[in-house]
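Counting starts at 1 for both ligands and their atoms, in listed order. As a basis for the values below, the full set of heavy atoms in this structure was taken, side chains included, without hydrogen atoms, waters or symmetry mates.
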Amino acid sequence: MALPLLPATMRIEHRLIVALDVTDGGRAKSIAHAVVDRVDALKVSWPLVLAVGRGIVKDLAPLAYVLCDFKVADIPNTSRLVVEQAVAAGASGVICHGFAGEDSVRACVEGAGRADVFVVTELSHPGGQEYTAKFAEEFARIAVRAGAAGIIAPATRPDRVRTLRAIVGTKRILSPGVGAQGGRAADAIAAGADAVIVGRSIIESRDPGDAAERIAGEIRRHPAT
Ligand code: O7M
């Protein structure tokens with residue numbers, strides 16, 4: 001069956017991406033419908049895909065830009081194959097790790113074709129400072145050299161977003177770590193993030209649409225400096 005025409009590049013309007021970290025396909029779809037007018041993308045990751053299958057990507061794709069967070073980090077050939085399959089499933093964007101090296105990131109970009117690739121630099125949790133933080137600037141340079149659409153940088157450490165922005169220029173920066181992990185959306189945006197990625201503060205809310213609107217409202221009230 002032909003796939004719907006997918007958005008080729010992420011359009012940033014709300015500066016908010018929801019992480020659909022649930023394992024029930026019906027719940028994922030109902031949250032997606034509730035938030036779709038307030039977010040720029042739906043992030044889908046392993047818990048959901050392993051629970052319900054890759055068909056969920058195709059189901060969500062007609063609604064919005066689907067960003068497959070598979071954190072690809074393998075040898076180039078395997079990485080390319082994974083990214084190709086994500087795009088074939090309906091992803092408009094795929095996330096890979098920078099630590100696998102420039103050849104692997106390049107293979108992801110090649111495998112993605114017209115879809116976007118985003119490269120993880122420094123992970124947002126405390127353990128992200130043990131290793132990833134030490135090389136985050138290099139991972140950001142790899143993202144630029146490999147022609148990625150952008151990077152992932154921690155909203156829990158806005159100073160790091162600022163540093164990484166200086167490296168990636170006009171590439172996209174998507175920042176997770178808002179709410180449950182302690183970061184603030186407005187701080188990440190002020191530091192240079194294009195959009196924040198939010199999971200639990202939205203998906204565990206009794207009213208995900210309202211929760212997304214509150215975060216989008218916070219971002220609107222504190223425009224980027
Ligand atoms: O808002 P949360 O903490 O419930 O969820 C955050 C989401 O962002 C969740 O899906 C994580 O897997 C993801 N994430 C991080 O939290 N930290 C990172 O450093 C990187 C990501 C991510 O999205 O990487 C692409």
Report yes or no: does a heavy atom of [X] sit under 4.0 Å from some atom of ligand 1?
X	answer
Glu204	no
Val178	yes
Lys43	yes

Examine Ser201 against ligand 1 and note whether any of their N/O atoms are separated by less than 3.5 Å.
no
Polar proximity ligand 1 side, Ile95 side, N/O cut 3.5 Å exclusive:
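No: no nitrogen or oxygen of Ile95 is under 3.5 Å from one in ligand 1.
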Find all atoms of ligand 1 within a distance of less than 4.0 Å from any non-hydrogen atom belonging to [X], and give their numbers and elements.
X	answer
Arg200	1 (O), 2 (P), 3 (O), 4 (O)
Ala19	7 (C), 10 (O)
Asp69	22 (C), 23 (O), 24 (O), 25 (C)

Nearest non-hydrogen protein atom, [atom]:
atom	value
atom 9 (C) of ligand 1	Asp21 OD2, 3.1 Å
atom 16 (O) of ligand 1	Gln181 NE2, 2.8 Å
atom 20 (C) of ligand 1	Pro176 CG, 3.4 Å
atom 1 (O) of ligand 1	Gly199 N, 2.8 Å
atom 19 (O) of ligand 1	Ser124 N, 2.8 Å

Taking every non-hydrogen atom, the tightest pair across [X] and [Y]:
X	Y	result
Ile167	Arg141	CG2-CG, 3.7 Å
Asp40	Arg15	OD2-N, 2.6 Å
Pro154	Glu122	CD-O, 3.4 Å

Can you list the residues that meet the salt bridge (charged side-chain N to carboxylate O under 4.0 Å, His left out) rule with Asp21, with sequence neighbours excluded?
none
Between Leu174 and ligand 1, which part of the residue brings a heavy atom under 4.0 Å of the ligand: side chain, backbone, both or neither?
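Within the 4.0 Å criterion, Leu174 makes no contact with ligand 1.
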Does ligand 1 have a heavy atom under 4.0 Å from the side chain of Lys71, from its backbone, from both, or from neither?
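Lys71 to ligand 1: side-chain contact only, backbone stays beyond 4.0 Å.
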Group every Ile, Leu, Val, Met, Phe, Trp and Tyr by side-chain heavy-atom contacts under 4.5 Å, then state whether Ile56 and Val83 land in the same group.
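Shared cluster, yes.
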So that I can tick it off, tell me whether Glu138 and Arg145 are bridged by a salt bridge, with the cut-off set at under 4.0 angstrom between side-chain N and carboxylate O.
yes
Carboxylate-amine/guanidinium contact Asp24 Arg27, below 4.0 Å
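Salt bridge flag = no for Arg27 with Asp24.
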Are the side chain of Arg165 and the backbone of Gly192 linked by a donor-acceptor contact shorter than 3.5 Å?
yes
Main chain of Leu174, side chain of Asp194: is a donor-acceptor contact present, judged purely on distance under 3.5 Å?
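Looks like no, no N/O pair under 3.5 Å.
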Could you tell me if the side chain of Val117 sits less than 4.5 Å from the side chain of Val72, heavy atoms only?
no
